[in-house]
Amino acid sequence: GAVVSQHPSRVICKSGTSVKIECRSLDFQATTMFWYRQFPKQSLMLMATSNEGSKATYEQGVEKDKFLINHASLTLSTLTVTSAHPEDSSFYICSAKTGSSYEQYFGPGTRLTVT
Amino acid sequence: GQNIDQPTEMTATEGAIVQINCTYQTSGFNGLFWYQQHAGEAPTFLSYNVLDGLEEKGRFSSFLSRSKGYSYLLLKELQMKDSASYLCAAVGAGSYQLTFGKGTKLSVIP
């Protein structure tokens, strides 16, 4: 149980275009989903927290107009990187939790390369 | 603020025991997680400690001292497949957010 999927696993896009990444909880209802970014040889940095049906809360330094997060249902959250630039190239990982548990279940990650 | 410290790299021999330490400073505390992450993959859950003491789970054990803001992950009977990064993450008060350390890259050598 507690499986989280992400799609796509890898994406290459041109500078200036937008990319959407999907995060799905497959066998549980995710009341909260988190989006992280991980640069090479660095740890996970939380970008934003989203609760189903409400606006995402962004961490300091993360542009909410550039990284659009939608959490329209209890099983799906999307992250859209708008007007992507090469410096946005990174490993994006989502996680999901349910209820009052602190444990987060991680998706397999999406490798974004902006050329 | 939140601060998590752990060593950057460690090397250990196959079959041996290794201890990875983590110190944390958080605004309140609701537990400490250890995750394993292989290169290019998402983290996988290893342990969660919220009370002081040692919790053992097979070859892996995790220890917590809340008064010292200290935890360690103990790996026994090391196998080559244990080569990975090990992430320490703490949960502060009033939040479900995890604050991750930078990870300890463990290399297991023959």
Side-chain angles (χ1 to χ4, degrees), chain A residues 1-7 9-10 21 23-25 30-52 54 56-62 71 89-113, chain B residues 1-10 20 22-24 26-51 55 57 62 64 71 83-107:
Chain A
V3 178
V4 176
S5 70
Q6 269 183 253
H7 178 80
S9 57
R10 291 176 179 271
I21 303 169
C23 177
R24 293 181 184 272
S25 57
T31 51
T32 306
M33 286 185 166
F34 303 87
W35 286 95
Y36 296 86
R37 182 168 49 183
Q38 187 177 33
F39 292 106
K41 298 186 179 181
Q42 295 188 23
S43 192
L44 281 73
M45 296 300 295
L46 180 66
M47 298 175 68
T49 302
S50 74
N51 294 297
E52 184 265 339
S54 59
T57 303
Y58 289 80
E59 295 301 297
Q60 193 172 9
V62 178
H71 190 168
S89 298
S90 187
F91 192 47
Y92 291 87
I93 306 174
C94 73
S95 70
K97 65 173 290 298
T98 188
S100 59
S101 169
Y102 289 108
E103 184 173 354
Q104 295 180 22
Y105 303 98
F106 285 85
T110 296
R111 175 76 58 193
L112 170 64
T113 303
Chain B
Q2 324 272 49
N3 190 42
I4 314 289
D5 283 317
Q6 51 182 131
T8 304
E9 294 186 48
M10 298 182 72
I20 303 174
C22 171
T23 57
Y24 64 89
T26 57
S27 301
F29 181 74
N30 275 314
L32 189 127
F33 287 86
W34 283 96
Y35 286 87
Q36 180 191 62
Q37 186 180 28
H38 285 98
E41 299 180 12
T44 56
F45 171 81
L46 291 178
S47 67
Y48 172 63
N49 294 66
V50 66
L51 299 177
E55 295 211 4
K57 192 184 296 183
S62 56
L64 177 68
S71 173
S83 294
S85 285
Y86 291 85
L87 308 176
C88 172
V91 186
S95 168
Y96 290 106
Q97 295 176 353
L98 295 177
T99 299
F100 282 86
K102 293 186 176 179
T104 300
K105 184 178 179 182
L106 173 67
S107 299

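Residue numbering restarts at 1 for every chain, and letters A, B, ... go by the order of the sequence lines.
Contacts between B:Glu41 and chain A at a heavy-atom distance below 4.5 Å involve the backbone alone (N, CA, C, O). In this structure, no portion of A:Gln6 lies under 4.5 Å from any heavy atom of chain B. Both the backbone and the side chain of B:Tyr96 have a heavy atom closer than 4.5 Å to some heavy atom of chain A. Heavy-atom distances place both the backbone and the side chain of B:Leu98 under 4.5 Å from chain A. Contact of A:Ser95 with chain B is not made at all, since no heavy-atom distance falls under 4.5 Å. Residue contact with chain B, scored on non-hydrogen atoms closer than 4.5 Å, involves the backbone and the side chain of A:Leu44 alike.
Between B:Phe45 and B:Tyr35, the angle of the ring planes goes over 60°, which puts this pair in the perpendicular group of the 30/60° scheme.
The side-chain contact (heavy atoms from CB on, under 4.5 Å) check on A:Ala96 picks up A:Val4, A:Phe28, A:Ala30, A:Met33, with sequence neighbours excluded. Here A:Thr32 pairs with A:Phe34, A:Thr49, A:Asn51, A:Lys97 under the side-chain contact (heavy atoms from CB on, under 4.5 Å) rule; sequence neighbours left out.
Checking each of A:Leu46, A:Ile93, A:Ile21 against A:Trp35 for a side-chain contact (heavy atoms from CB on, under 4.5 Å) leaves exactly one that passes, namely A:Ile21.
Chain A forms the most heavy-atom pairs under 4.5 Å with one residue out of B:Gly40, B:Ser85, B:Ala89, and that residue is B:Gly40. Note on B:Ala39, B:Gly31, B:Gly101: by heavy-atom pairs under 4.5 Å with chain A, the leading option is B:Gly101.
A side-chain donor-acceptor contact under 3.5 Å links B:Gln6 to the backbone of B:Tyr86. When atom types are taken as modelled, the side chain of B:Ser71 and the backbone of B:Cys22 share no donor-acceptor pair closer than 3.5 angstrom.
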